[in-house]
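Contents: one structure, followed by commentary.
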Protein chains: 2
Amino acid sequence: MQIMISTIKSNRNIPEVVLKAAIHLFTEQGYFNTSVPDIVKKSGVSTGSIYHHFGDKTGIAKALFEMLVKRMENAFDDIERKHDSVQSRLRAVIEYLFQLTEEEPEVMTYMLFIKHKEIMPNMAPVCSSKPFTKMRQMVVDGMANGEIKTMDNMVAAASLFGGAFRLISLRLDGVLERPLMEYQDELWRCAWQSVQK
Amino acid sequence: MQIMISTIKSNRNIPEVVLKAAIHLFTEQGYFNTSVPDIVKKSGVSTGSIYHHFGDKTGIAKALFEMLVKRMENAFDDIERKHDSVQSRLRAVIEYLFQLTEEEPEVMTYMLFIKHKEIMPNMAPVCSSKPFTKMRQMVVDGMANGEIKTMDNMVAAASLFGGAFRLISLRLDGVLERPLMEYQDELWRCAWQSVQK
DNA sequence: TTGACAAGATTGAACGTTCATTCTAGTATG
DNA sequence: CATACTAGAATGAACGTTCAATCTTGTCAA
């Protein structure tokens with residue numbers, strides 16, 4: 001019996017295939033160095049289909065961003081459910097970020113280092129998105145329940161997460177040769193010491 | 001052709017005028033959203049002159065970057081000359097970065113948050129440039145002379161500067177409403193506490 | 001089971017625009 | 001007169017997007 005083309009075609013999820021190609025190209029060469037024909041070539045999906053699903057080129061970047069933000073948000077919700085103390089929550093957040101950086105560097109690059117404002121001019125900065133406000137809320141909670149020194153919220157959050165973001169950035173730039181996990185314990189000791197009561 | 005009066009012409013430094021227009025446009029809208037005609041309009045310098053001085057569009061971005069890196073390098077050399085202890089040097093570096101962010105946010109944005117690799121594909125990441133390696137060298141020196149706990153260099157540097165970079169980033173994104181100087185003391189206490197012996 | 005049909009998905013060639021760069025002509029300087 | 005600089009219109013390639021045609025899928029009457 002002949003295999004119908006239709007069954008093969010219907011087996012691929014076009015948005016998924018396109019987003020996979022897009023995140024690779026966007027993080028590798030940048031959004032503006034990636035043409036729609038590039039995405040067509042890489043994904044095997046036609047121009048027309050891409051426009052049918054995403055509206056325009058920025059629609060791809062937007063869909064990708066929203067997907068990844070939601071994913072990170074869910075991960076943080078999980079962490080809050082699984083840990084009681086603020087300290088262990090914060091540590092788990094950093095562990096998650098480090099793991100994500102190692103396992104899916106493109107995801108981390110896209111979330112942290114793509115200038116989304118250049119692509120979507122009236123988008124709020126990443127640091128105002130749910131996952132990031134949630135991180136800061138954890139710090140506020142820790143100050144309220146006495147785990148963290150009383151001080152400016154922003155300074156406390158920056159002190160706690162700043163080192164982690166620095167290492168992630170260095171790792172993604174290829175400056176750090178060993179996986180982030182190897183730095184985790186030492187970094188956390190520094191970070192926690194800087195704000196603990 | 002337009003007739004120019006010679007005195008007007010000789011009085012303006014074309015590279016300077018162009019770079020001034022460019023940094024404004026690049027940080028405001030992004031490099032790829034800025035066309036050469038945009039720069040022509042903003043600077044008042046003709047297309048031909050721009051190409052004569054800079055070769056191509058990336059030449060503008062490159063000249064700008066090199067100028068700013070050199071400037072920061074000189075500032076750090078000054079700091080090393082004026083301070084003896086590693087602790088006061090590091091504190092001075094953060095103070096300088098905070099001041100620069102407040103006084104010339106465009107300069108800081110261009111140095112830290114423009115993806116230069118997208119513009120000049122085979123450029124080393126910013127964190128490998130002289131000023132940044134010098135910052136890390138200060139930390140290494142501090143470990144050698146006993147001011148800083150013995151630990152991984154990168155973790156120590158990330159812990160010391162991570163919080164500062166975080167606050168700079170938040171400030172440039174408009175999330176932090178008050179000038180960075182107001183956070184400086186509290187932040188430095190956290191940062192230094194995390195690595196001091 | 002079959003055929004007709006509608007709605008939606010998919011295709012890629014074609015379109016109009018914009019961009020970086022080049023070109024030719026003109027001007028200042030020594 | 002030569003060299004360095006300035007000017008802005010012209011150029012051609014590349015881009016994002018559109019569109020008319022084609023294919024797929026699900027529905028329903030006979």
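No experiment lies behind these values; they were computed from the predicted model shown. Throughout, protein chains are lettered first and strands after them, A, B, ... in sequence-line order, and every chain is numbered starting at 1.
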Handout entry: Spacing between B/Ile50 atom CD1 and D/dA7 atom P, to the nearest angstrom
Key = 10 Å
Exercise for the section: Return the minimal non-hydrogen interatomic distance between B/Phe54 and B/Pro15, and the atom names on each side. Expected result: CZ-CA, 3.8 Å
Exercise for the section: Evaluate the ring planes of B/Trp192 and B/Trp188, with Trp represented by its six-membered ring, and classify them as parallel (under 30°), tilted (30 to 60°) or perpendicular (over 60°). Expected result: parallel
Completion exercise
Of the candidates C/dT11, D/dC5, D/dT17, the side chain of B/His53 sits closest to D/dC5
Practice task
Over all heavy atoms of both residues, which pair between B/Gln87 and B/Glu147 is shortest? Give the atoms and the distance, please.
Solution key: N-OE1, 2.9 Å
Problem - Set of salt bridge (charged side-chain N to carboxylate O under 4.0 Å, His left out) partners for A/Asp173, sequence neighbours left out - result: none
Practice task
Please list residues of residues 24-43 of chain A whose heavy atoms come under 4.0 Å from any atom in DNA chain C, ordered by number; otherwise none.
Solution key: none
Problem - Nearest-angstrom distance from the residue atom CD1 of A/Ile14 to P of C/dT10 - result: 3 Å
Practice task
If the plane angle is over 60° it's perpendicular, under 30° parallel, otherwise tilted; pick one for B/Phe76 and B/Tyr96.
Solution key: perpendicular
Exercise for the section: Among C/dT21, C/dT11, D/dT17, find the nucleotide with the atom closest to the side chain of A/Ser46. Expected result: C/dT11
Handout entry: Aromatic contact, B/His24 with B/Tyr110 (centres under 6.0 Å)
Key = no
Problem - Interatomic distance where NZ belongs to A/Lys57 and P belongs to C/dT17 [whole Å] - result: 20 Å
Handout entry: Minimum-distance pair of heavy atoms, taken over all atoms of A/Leu160 and A/Ala191
Key = O-CB, 3.6 Å
Practice task
Could you work out which one of D/dT6, C/dT10, D/dG8 sits closest to the side chain of B/Thr47?
Solution key: D/dG8
Handout entry: Among C/dT22, D/dT6, D/dG16, the nucleotide that comes nearest once only the side chain of A/Tyr51 is considered
Key = D/dG16
Exercise for the section: Using whole Å, report how far CZ of B/Phe54 lies from C1' of D/dC5. Expected result: 14 Å
Handout entry: Nucleotide D/dT18, atom P - distance to CG of A/Asp56 in whole Å
Key = 8 Å
Handout entry: Shortest side-chain distance from A/Val45, nucleotide among D/dA7, C/dT11, D/dG16
Key = C/dT11
Fill in the blank from the handout: Rounded to whole Å, NE2 of A/His52 lies from P of D/dT17 at a distance of 16 Å
